[in-house]
Peer 1: 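Structure below; questions to follow.
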Amino acid sequence: MTLRLYDTATGEVRDFVPLQTGKAGVYVCGLTVQGEPHVGHVRSAVNFDVLRRWLIASGYEVTFIRNITDIDDKILTKSADQGRPWYNLAYDMKRELDKAYDALHVLPPTYEPAATGHVPEMIELINLLIERGHAYAAEDGSGDVYFDVRSWAAYGELTHQGIDDMEAATDADPRGKRDPRDFALWKGWKQDSEPVTASWPAPWGRGRPGWHIECSAMAGKYLGDAFDIHGGGVDLRFPHHENEQAQSRAAGGRFASYWMHNAWITTAGEKMSKSLGNTLSIPGVLQRVRGIELRYYMVSAHYRSHVEFSFEALEEAASAFRRIERFLEKVPEVIVGELPAAFSAALDDDLGTPAAIAAIHDAVRQGNVHVAADESEAAAAVAGSVIAMLSVLGLDPADPHWSQGSASDSGELKGVVDVLIAGLIEQRQAARANKDFAAADAIRDQIAAAGVEIEDTPQGARWKLTGQN
RNA sequence: GGUGGGUUGGCCGAGAGGCGAGGCAACGGACUGCAAAUCCGUCUACACGGGUUCAAAUCCCGUACCCACCUCCA
């Protein structure tokens, strides 16, 4: 079975055929670093991280580029409001973003280019577009350069829209534009309101790049004129992706073969938006559940399905995930095994993570049956495949990544706690042997109150931290 | 106005013409001193109205409601 992906450009699920056999080039629009990352941002990152891991697991050599937009209108206005340099705000938020990605075990991309580091490439691309007659410098002296939408007949092809059916950008400053739908490739420096540090020299005067041109320039630099997959959130289809494609193709490239867009995660029926102020920051959410549980929650819905975020659903997902963990804890010394066919088929079908997770749960139930029957070899084999599946989704609880931070402290403490609890468990066993159940239960309650759970098994009592104290 | 998507059982959430995805919760049973964990079972759903078909949650027509994009946004 081969990988099939939904391509926004064609509106259908089709076979993934890479440009080069065995290789996959992926470009994903990262963030504009102007505020704290929220669960919506991270959903996109997690979705494409799953894509990447599945491509790797399928044998592809993956080049994964995710950019950072570190200069734009919002960054300039926000930093001005906060009374600090724009680059400081962008850098701070970039670091927050890195923390959020790390908390969800989103793998670092092959490279993460920043817009400000690629101005020469953008200027070069804009020049090429001007030469080819698809862009023009505004004649009003503003220093702006616009893409000439009417010069590119295919404009609108990605989102299946005709230019004349589109509403013209009402708030756009029409000065110097040939068509209201023309968009800025270069924004001339506004000396009265913008710091000189936010401008770069260019043939058309000092200024800064427009939003869309960065992705075209950076994707071209790191992936070439033609590459396999371009991803981002649904909101980016238009105008951002449409414009990217128009620019890059007008400049002579082929650009992306497949376009993938992840759906929104909303709160209380509304999209999470910096401007609405209803964002759920990652650190905030991580006070309620662990990062691995949040990741499980995100992966349990299909990437093209809209998710209505709720803490109830999140807790529910966390419960489901703990069931998987409990099974794995019962099976020591597991060797990573094979992926079940149902799991691979699910992911091959446009990253069907919900069905993939169902395959995990099926295996867990089967594994629990083996554990109950004391069939340790069979149980270990099942656990091996469960671990293999979880790894592909970035959800292996045994991955050292998840225990970073708290591990050093708890590692030392664990030995001590182990001895203390073992003593208590022995006392409880003695009480049970004497049929003094009141005493036995008192001990169990006492440890439970401290956040330690006892599980009675035929081989004796086991204990673990519940994380609820 | 244009474009794209949605409405599934108590809840979350898949599927896309014929075999009850999966999970959470609840209830019953097994196990247990009692629990917990685990297993078995129960809860037989697809917005509404028509139609096509031997067969429709799935296809077609219509209706209602919801959402996204067309303006910065994952």
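Per chain, numbering begins at 1; letters A, B, ... match sequence-line order.
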Peer 1: Specify the separation, in whole Å, of atom CG of Asp235(A) and atom P of C67(B).
Peer 2: 17 Å
Peer 1: Run the ring-centre check on Phe255(A) versus His230(A) and record whether the distance is less than 6.0 Å.
Peer 2: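 That pair passes the under 6.0 Å test.
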Peer 1: Return a table of donor-acceptor pairs under 3.5 angstrom between the side chains of residues 356-363 of chain A and protein atoms on other chains or two or more places apart.
Peer 2:
{"residue": "His361(A)", "atom": "NE2", "partner": "Tyr296(A)", "partner atom": "OH", "Å": "2.9"}

Peer 1: Is there a side-chain polar atom (N or O) of His41(A) under 4.0 Å from OP1 or OP2 of A74(B)?
Peer 2: yes
Peer 1: Quick one about Gln34(A) and Thr32(A) (side-chain donor to acceptor, distance below 3.5 Å, no hydrogens or angles considered), yes or no?
Peer 2: no
Peer 1: Any chance the side chains of Asp396(A) and Trp402(A) put a donor and an acceptor closer than 3.5 Å?
Peer 2: no
Peer 1: Name the pairing partner of C27(B), where a pair is Watson-Crick or G-U wobble with both distances under 3.5 Å, or state none.
Peer 2: G41(B)
Peer 1: Check whether any side-chain heavy atom of Arg43(A) lies under 4.5 Å from a side-chain heavy atom of Asn47(A), and answer yes or no.
Peer 2: yes
Peer 1: Quick check on salt bridge (Lys or Arg N to Asp or Glu O under 4.0 Å): which of Asp148(A), Asp144(A), Asp140(A) does Arg178(A) satisfy it with?
Peer 2: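 Going through Asp148(A), Asp144(A), Asp140(A) one by one, the salt bridge (Lys or Arg N to Asp or Glu O under 4.0 Å) with Arg178(A) is satisfied by Asp148(A) alone.
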Peer 1: Name the orientation class of the two ring planes belonging to His261(A) and Trp259(A) (parallel below 30°, tilted from 30 to 60°, perpendicular beyond 60°).
Peer 2: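 Aromatic pair His261(A)/Trp259(A) classed parallel.
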Peer 1: If C69(B) has a Watson-Crick or G-U wobble mate with both distances under 3.5 Å, name it; if not, just say none.
Peer 2: G2(B)
Peer 1: Looking only at side chains, do Gln245(A) and His241(A) share a donor and an acceptor under 3.5 Å apart?
Peer 2: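 Not at all, the side chains of Gln245(A) and His241(A) share no donor-acceptor pair under 3.5 Å.
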Peer 1: With both distances under 3.5 Å as the test, what is the Watson-Crick or G-U wobble partner of A57(B)?
Peer 2: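 Checking every strand shown, A57(B) finds no partner, since no pair has both distances under 3.5 Å.
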Peer 1: Rounded to whole angstroms, how far apart are CG on Leu351(A) and C1' on A14(B)?
Peer 2: 15 Å
Peer 1: Which parts of nucleotides 16-21 of chain B does protein reach within less than 4.0 Å, heavy atoms only, written one letter per nucleotide 5' to 3' as B for base, S for sugar-phosphate only and - for none?
Peer 2: -----B
Peer 1: Output the rounded distance in Å from CD (Glu242(A)) to C1' (G2(B)).
Peer 2: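 After rounding, the reported distance stands at 13 Å.
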Peer 1: Using whole Å, report how far CG of Leu76(A) lies from P of C72(B).
Peer 2: 15 Å
Peer 1: With Leu107(A), which residues qualify under side-chain contact (heavy atoms from CB on, under 4.5 Å), at least two apart?
Peer 2: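 With neighbours one apart ignored, the set is Asp49(A), Arg52(A), Arg53(A), His105(A).
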Peer 1: Given atom CD of Gln161(A) and atom P of G4(B), what is their separation to the nearest angstrom?
Peer 2: 9 Å
Peer 1: Rounding to an integer number of Å, can you tell me how far Glu308(A) CD sits from A68(B) P?
Peer 2: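 To the nearest whole Å, that distance equals 11 Å.
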Peer 1: Both distances below 3.5 Å, Watson-Crick or wobble geometry, any strand: find the nucleotide opposite G62(B).
Peer 2: C48(B)
Peer 1: What pairs of nitrogen or oxygen atoms, one from the protein and one from nucleotides 5-8 of chain B, lie under 3.5 Å apart?
Peer 2:
none

Peer 1: Just checking Tyr222(A) against His118(A), ring centres under 6.0 Å apart?
Peer 2: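 Yes, ring centres under 6.0 Å apart.
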Peer 1: Would you classify Arg43(A) as touching base, sugar-phosphate or nothing, given that sugar-phosphate means primed atoms plus P, OP1 and OP2, and contacts are heavy atoms under 4.0 Å?
Peer 2: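 No contact at all - Arg43(A) keeps every heavy atom at 4.0 Å or more from the nucleic acid.
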Peer 1: Using residues 62-70 of chain A as the side-chain source, report each donor-acceptor pair under 3.5 Å to any protein atom, sequence neighbours left out, with the distance given to one decimal.
Peer 2:
{"residue": "Asn67(A)", "atom": "OD1", "partner": "Tyr27(A)", "partner atom": "OH", "Å": "3.4"}
{"residue": "Asn67(A)", "atom": "OD1", "partner": "Gly30(A)", "partner atom": "N", "Å": "2.9"}
{"residue": "Asn67(A)", "atom": "ND2", "partner": "Thr69(A)", "partner atom": "OG1", "Å": "3.4"}
{"residue": "Thr69(A)", "atom": "OG1", "partner": "Glu214(A)", "partner atom": "OE1", "Å": "2.9"}
{"residue": "Asp70(A)", "atom": "OD1", "partner": "Ala115(A)", "partner atom": "N", "Å": "3.4"}
{"residue": "Asp70(A)", "atom": "OD1", "partner": "Thr116(A)", "partner atom": "N", "Å": "3.0"}
{"residue": "Asp70(A)", "atom": "OD1", "partner": "Thr116(A)", "partner atom": "OG1", "Å": "3.4"}
{"residue": "Asp70(A)", "atom": "OD2", "partner": "Thr116(A)", "partner atom": "OG1", "Å": "2.6"}

Peer 1: Taking atom C1' in both C11(B) and C46(B), what distance in whole Å separates the two?
Peer 2: 16 Å
Peer 1: So is Arg4(A) actually on top of Phe16(A)'s ring, under 6.0 Å and inside 45° of the axis?
Peer 2: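 No; the conditions do not both hold, so Arg4(A) does not lie above the ring face of Phe16(A).
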Peer 1: Please check the phosphate of C69(B) (OP1 and OP2 only) for any side-chain N or O of Thr159(A) closer than 4.0 Å.
Peer 2: no
Peer 1: List the protein contact pattern of nucleotides 33-46 of chain B with one symbol per nucleotide (5' to 3'): B for base contact, S for sugar-phosphate-only contact, - for none; contact means a heavy-atom distance under 4.0 Å.
Peer 2: BBBBSSSS------
